[in-house]
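In what follows, a single structure is set out as structure tokens and then discussed.
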Amino acid sequence: MMRLFRTTEGAVVQDDDTYYDLPDLALKDVFGQCEPRPMLEDRITTAPRLRTISGRTVIAPLDLQEVWAAGVTYYRSRDARMEEAKPAGGEDFYARVYEAERPELFMKATPHRVVGPGQGVRIRKDSHWNVPEPELTLAINTAGRVFGVTVGNDMSSRDIEGENPLYLPQAKVYDQCCALGPCILLTDDPLPTSTEISLKIYRGAQIAFDGATTLSQLRRTPDELAGWLFRENSFPNGCFLMTGTGIVPTSSFTLKKGDRIQITIEPIGSLTNVVL
Ligand code: DO4
Ligand code: MG
């Protein structure tokens, strides 16, 4: 398995158990390849080996990529959003987009709004009902091909979205609203549908939330979502596409400052962030 990390000292590629130091590799050049894997295989033949990556600070695996997101791709998200939008009369739109051929796609973050493993995510000061959304996130090259996957957290303000679906950009896009990492796992095929996505939220020594889903619950395929995103849209540096959440805590739950959010998708790894 090949994994691509970005660290404060540059890129590191893990090929099975060996790490290779590629300080001059820009991620935009990986996303610009028709076939990123052969390019990386070639680069590691002359790269110095590292015994471990543990001395490095791993950061979000992007440089110039936009992050987009798909929504209401799991029944659980449809249900939770219908409940939160009901008082404002907006629930019908969620039911319709879950069934529709055209998926919901929205712009989630530009690179400066994205944090990596161990960094802080934020909740908006003008919001009182917030959740993390643990999402399989696709790495897509400039040609629109999904070449890898990472773990993503689509932080969301449920009260703002619930008040009016037209407020979605404010519920979703703000400073430190998105976390990605710890690496891009290069994939030739989609992950098996049995792949588990788990979310644990620690509050002090307690677990405040613990839940899991599998990719079998995702209503759309990665290629289908990428195909819609690339319709009439070009990405000169490639992009990321979050595939939606299948885990939404019950309506009484909201994040608090200091909560530690841990999202795990094996075989990619775990993404942990603290709420600032
Ligand atoms: O419809 C609003 C956003 C949905 C979303 O982010 C999700 O389902 O993951
Ligand atoms: Mg989401």
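The structure presented is a predicted model; accordingly, all values stated were derived computationally and were not measured. Indexing begins at 1, ligand by ligand and atom by atom, following the structure's order.
Of all atoms in ligand 1, numbered sequentially from 1 with element shown, those under 4.0 Å from a heavy atom of Glu161 are 1 (O), 2 (C). Below 4.0 Å from some heavy atom of Gly71 lie the following atoms of ligand 1, by number and element: 4 (C), 5 (C), 7 (C), 8 (O). Short contacts between ligand 1 and Lys172, defined as distances under 4.0 Å to a heavy atom of the residue, involve ligand atoms 3 (C), 5 (C), 6 (O). Contact atoms of ligand 1 toward Glu135: 9 (O) (distance under 4.0 Å to a heavy atom of the residue). Those atoms of ligand 1 that come under 4.0 Å of a heavy atom in Phe106, given as number and element, are 3 (C), 6 (O). Each of the following atoms of ligand 1 lies closer than 4.0 Å to a heavy atom of Leu168: 2 (C), 3 (C). Atoms of ligand 1 found under 4.0 Å from any heavy atom of Asp154, numbered from 1 in the order shown, are 6 (O). The contact set between ligand 1 and Ser77, taken as ligand atoms under 4.0 Å from a residue heavy atom, comprises 7 (C), 8 (O).
By the 30° and 60° cut-offs, the orientation of the rings of Phe5 relative to Tyr19 is tilted. A tilted orientation is assigned to the rings of Phe230 and Phe235, their planes being inclined by 30° to 60°.
Looking at Asn130 and Ser157, their side chains do bring a donor and an acceptor atom within 3.5 Å of each other. A donor-acceptor contact closer than 3.5 angstrom is absent between the side chains of Glu266 and Thr195. In this model, no donor atom of one side chain and acceptor atom of the other lie less than 3.5 Å apart for Ser216 and Thr193.
By the neighbour-count criterion of 12 heavy atoms within 6.0 Å, atom CZ of Phe106 is densely surrounded, having more than that number from other residues, nucleotides or ligands.
Inside a sphere of radius 2.8 Å centred on the Mg ion (ligand 2), the protein N/O/S atoms present are Glu133 OE1, Glu135 OE2, Asp154 OD2.
Ion pairing between Glu91 and Arg81 fails under the 4.0 Å rule for side-chain N and carboxylate O. Ion pairing between a basic and an acidic side chain is recognised when a charged N comes within 4.0 Å of a carboxylate O; Lys172 and Glu133 show such pairing.
For Arg122, the side chain to side chain donor-acceptor pair (under 3.5 Å) criterion is met by no residue, not counting sequence neighbours.
At a heavy-atom distance under 4.0 Å, no atom of Val97 approaches ligand 1.
Between Ser156 and ligand 1, a contact under 3.5 Å exists for no N or O pair. Considering backbone and side-chain N/O atoms, Val72 comes within less than 3.5 Å of an N/O atom of ligand 1. Residue Thr245 has at least one nitrogen or oxygen atom sitting less than 3.5 Å from a nitrogen or oxygen atom of ligand 1, judged on distance alone.
Assignment of Arg78 to the shell around ligand 1 is not supported, since no heavy atom sits closer than 4.0 Å. Between Tyr74 and ligand 1 there is no heavy-atom distance shorter than 4.0 Å.
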Inset, instruction - Check step by step if ring pair (Phe, Tyr, Trp, His ring centres under 6.0 Å) holds for Phe240 and Phe31. - result: CA-CA 10 Å; Phe240 287 90; Phe31 281 79; 5.3 Å; yes

Inset, instruction - Begin with the C-alpha distance, continue with both residues' side-chain angles, and end with the deciding distance and a verdict on side chain to side chain donor-acceptor pair (under 3.5 Å) for Glu66 and Thr110. - result: CA-CA 5 Å; Glu66 292 171 1; Thr110 44; over 6 Å; no

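No side-chain heavy atom of Tyr74 sits under 4.5 Å from any side-chain heavy atom of Thr245.
Note that OG1 of Thr46 is 7.5 Å distant from CG of Leu22, once rounded to the nearest 0.5 Å.
When Glu104, Arg81, Arg158 are checked for heavy-atom proximity to atom 5 (C) of ligand 1, Arg81 turns out nearest.
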